[in-house]
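Working notes, beginning with the structure itself.
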Amino acid sequence: MKKLFSIICTLLIILIPACSQGDTWETSKIRVVASFHPMAQLTEIIGGDKVEVHTIIPAKGDPHSFEPTISDLKKLKTADIFIYNGLGLETWLDKALAAAQNPDLVSVEASRGCLPLITESGAADPHLWISLTGSILQVENIKRALAASFPDNKDYFEQNYSEFKEKMEELLTRYAEKIEKAENRRFVTSHAAFGYLCRDLDLEQNSVEDVFAHGEPSAKKLAELVSYCKTHNIKTIFVEEAVSPKVAETLAREVGAEVKPIYTMATKSDKGYIECMEHNLKSISESLTK
Ligand SMILES: [Zn+2]
């Protein structure tokens, strides 16, 4: 009898949370948890109306410093697939997966198979999703995982993947041609998030904040940037969403440049993924020919 009671208790502990969480998904579609906004967007590009996506890091959250909430863990517990960027961005990953206790969960590192850029500190640059070739690789990993888990929709995922890949390749060809003709290949931005895009298009970025978006720049760093802008005739200072434009504005005033928006896509904006990518490419290439 005692043994039976303990079995029932154990079952209740396991079952109650699982039952009460079931209704937190709104549809009967494929349940995907994405670590942050760009992973959600890329998943939706492939999964279309077959997937329901929950994003762990909130719309305005900073992906470089974040911890998931209890409700995120509940979503992970009942999800089919978990998509994360990798390259060290999700520092909370192992703890969250262990806490979620979902043995059926398929975890997908979207950056798997990429050639990482290594920063001065020896850590990998995580911003692969901002690159044309990088996003193709990420979307391919996402597509493969969705198709393996839900083979009935394989053709649909493959079709969406082909369309996305074609679009990114078309942008790569178009902007590589434009940039090749530009006399300048350098641009200045707030947060050094465009390393992979620079690799795609043979560009060079300089920035106010480093790759990991740490803090305000020193007076020395600012002086270096002023001299860099003057030497290389930089006429535009880009500012990402969710970054304070104050330092960029000071720098721009100092060197007679204008401040323009650019998207890391890490947080939600009024633009979709492809639209942000097109905006960035157009703005950067225009700034090079000024
Ligand atoms: Zn970043």
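Along the sequence shown, residues carry numbers from 1. Atoms within a ligand are numbered from 1 in the order they appear, just like the ligands themselves.
Residue pairs meeting the salt bridge (Lys or Arg N to Asp or Glu O under 4.0 Å) criterion with at least one partner in residues 237-263, sequence neighbours excluded, are E258-K290. Pairs passing the ring pair (Phe, Tyr, Trp, His ring centres under 6.0 Å) check and including a residue from residues 219-258, sequence neighbours excluded, read Y228-H232.
Protein nitrogen, oxygen and sulfur atoms, that is N, O or S, within less than 2.8 Å of the Zn ion (ligand 1) amount to 3.
Ring orientation note: the planes of F36 and W129 are nearly perpendicular, at an angle over 60° on the 30°/60° scale.
Taking a cutoff of 4.0 Å between a charged side-chain nitrogen and a carboxylate oxygen, E90 and K95 do not qualify as a salt bridge.
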Check: residues 136-148 side-chain donor-acceptor pairs under 3.5 Å, at least two apart:
from, atom 1, to, atom 2, distance (Å)
Q138, NE2, N85, OD1, 2.8
Q138, NE2, S111, OG, 3.0
E140, OE2, R144, NH2, 3.0
N141, ND2, A110, O, 2.8
N141, ND2, R112, O, 2.9
K143, NZ, E158, OE1, 3.3
K143, NZ, E158, OE2, 3.4

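Relative to the six-membered ring of F157, K154 misses at least one condition, a distance below 6.0 Å or an angle of at most 45° to the axis.
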